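Bear in mind the structure is a predicted one, so any value in this text is a computation, not a measurement.
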Amino acid sequence: QVQLVESGGGLVQAGGSLRLSCAASGRTFSTIAMGWFRQAPGKEREFVATRSGGSSYYADSVKGRFTISRDNAKNTVYLQMNSLKPEDTAVYYCAARLTPGVSGRKGDYAYWGQGTQVTVSS
């Protein structure tokens, strides 16, 4: 079992920045592949970014603006979000999978956090 707790969401103006954090517990963190997804009202949950080992993978919509990183000593994964746009407004979810490697498919992730709201005003 893996428990995930997100934090860092909030309200920000367009062009601003936020950093989301996700603290993991329950398994050896360094062996877990971590990802971020988001869900806007009325839309399906979509992939944002993932990191496993030394590899990262991003959705085209956030590439160049968002950066995923992890601190294995703190069992935490981060999502640095810069140049935010109103269309980035969503609930952001941290996710984990025990199989190594990067994946953008939400069905590949077995563990999910409760989500944190990010609102970008225009």
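Across all non-hydrogen atoms, the minimal contact from I32 to A96 is CG2-CB, 3.5 Å. Across all non-hydrogen atoms, the minimal contact from A14 to S122 is CB-CA, 4.4 Å. Looking at every heavy atom in both residues, T89 comes nearest to Q117 through CG2-NE2, 4.0 Å. Between A49 and Y58, the shortest heavy-atom contact is CB-CD2, 3.6 Å. When every heavy atom of T50 is checked against every heavy atom of M34, the shortest pair comes out as OG1-O, 2.8 Å. What you find for S56 and I68 is that their closest heavy atoms are OG-CG2, 3.9 Å.
A 4.5 Å side-chain heavy-atom check between Y93 and K106 finds every atom pair outside the cut-off. The side-chain heavy atoms of V77 and L4, taken from C-beta on, include no pair separated by under 4.5 Å. L20 places none of its side-chain heavy atoms less than 4.5 Å from the side chain of E6.
Side chain of T116 to backbone of G9: a donor-acceptor contact under 3.5 angstrom is found. Using a distance-only test at 3.5 Å, with no hydrogens or angles considered, a donor-acceptor pair links the side chain of R70 to the main chain of R51.
Applying the ring-ring contact (aromatic ring centres under 6.0 Å, His included) test to F37 and every residue at least two apart in sequence or in another chain returns F47, Y109, W112. Every side chain to side chain contact (heavy atoms under 4.5 Å, CB included) that L11 has, sequence neighbours left out, goes to T119, S121. Residues passing the side chain to side chain contact (heavy atoms under 4.5 Å, CB included) test with S61 are R38, A59, sequence neighbours excluded. Shown here are the salt bridge (Lys or Arg N to Asp or Glu O under 4.0 Å) partners of K63, two or more places apart in sequence or in another chain: D60. R19 meets the salt bridge (Lys or Arg N to Asp or Glu O under 4.0 Å) test with no other residue; sequence neighbours excluded. For Y78, there are no ring-ring contact (aromatic ring centres under 6.0 Å, His included) partners at least two apart in sequence or on another chain.
The distance from the CD atom of E87 to the NZ atom of K43 is 8.5 Å, given to the nearest 0.5 Å.
Among L79, V120, V12, the single residue meeting the side chain to side chain contact (heavy atoms under 4.5 Å, CB included) criterion with L18 is V12.
If you chain together hydrophobic residues whose side chains sit under 4.5 Å apart, F66 and V102 never meet in one group. Hydrophobic clustering, with ILVMFWY side chains joined whenever heavy atoms are under 4.5 angstrom apart, keeps V62 apart from V91.
Remark: Q114 CD is packed, more than 12 non-hydrogen atoms of other residues, nucleotides or ligands lying under 6.0 Å away. Around atom OH of Y111, more than 12 heavy atoms belonging to other residues, nucleotides or ligands sit under 6.0 Å away.
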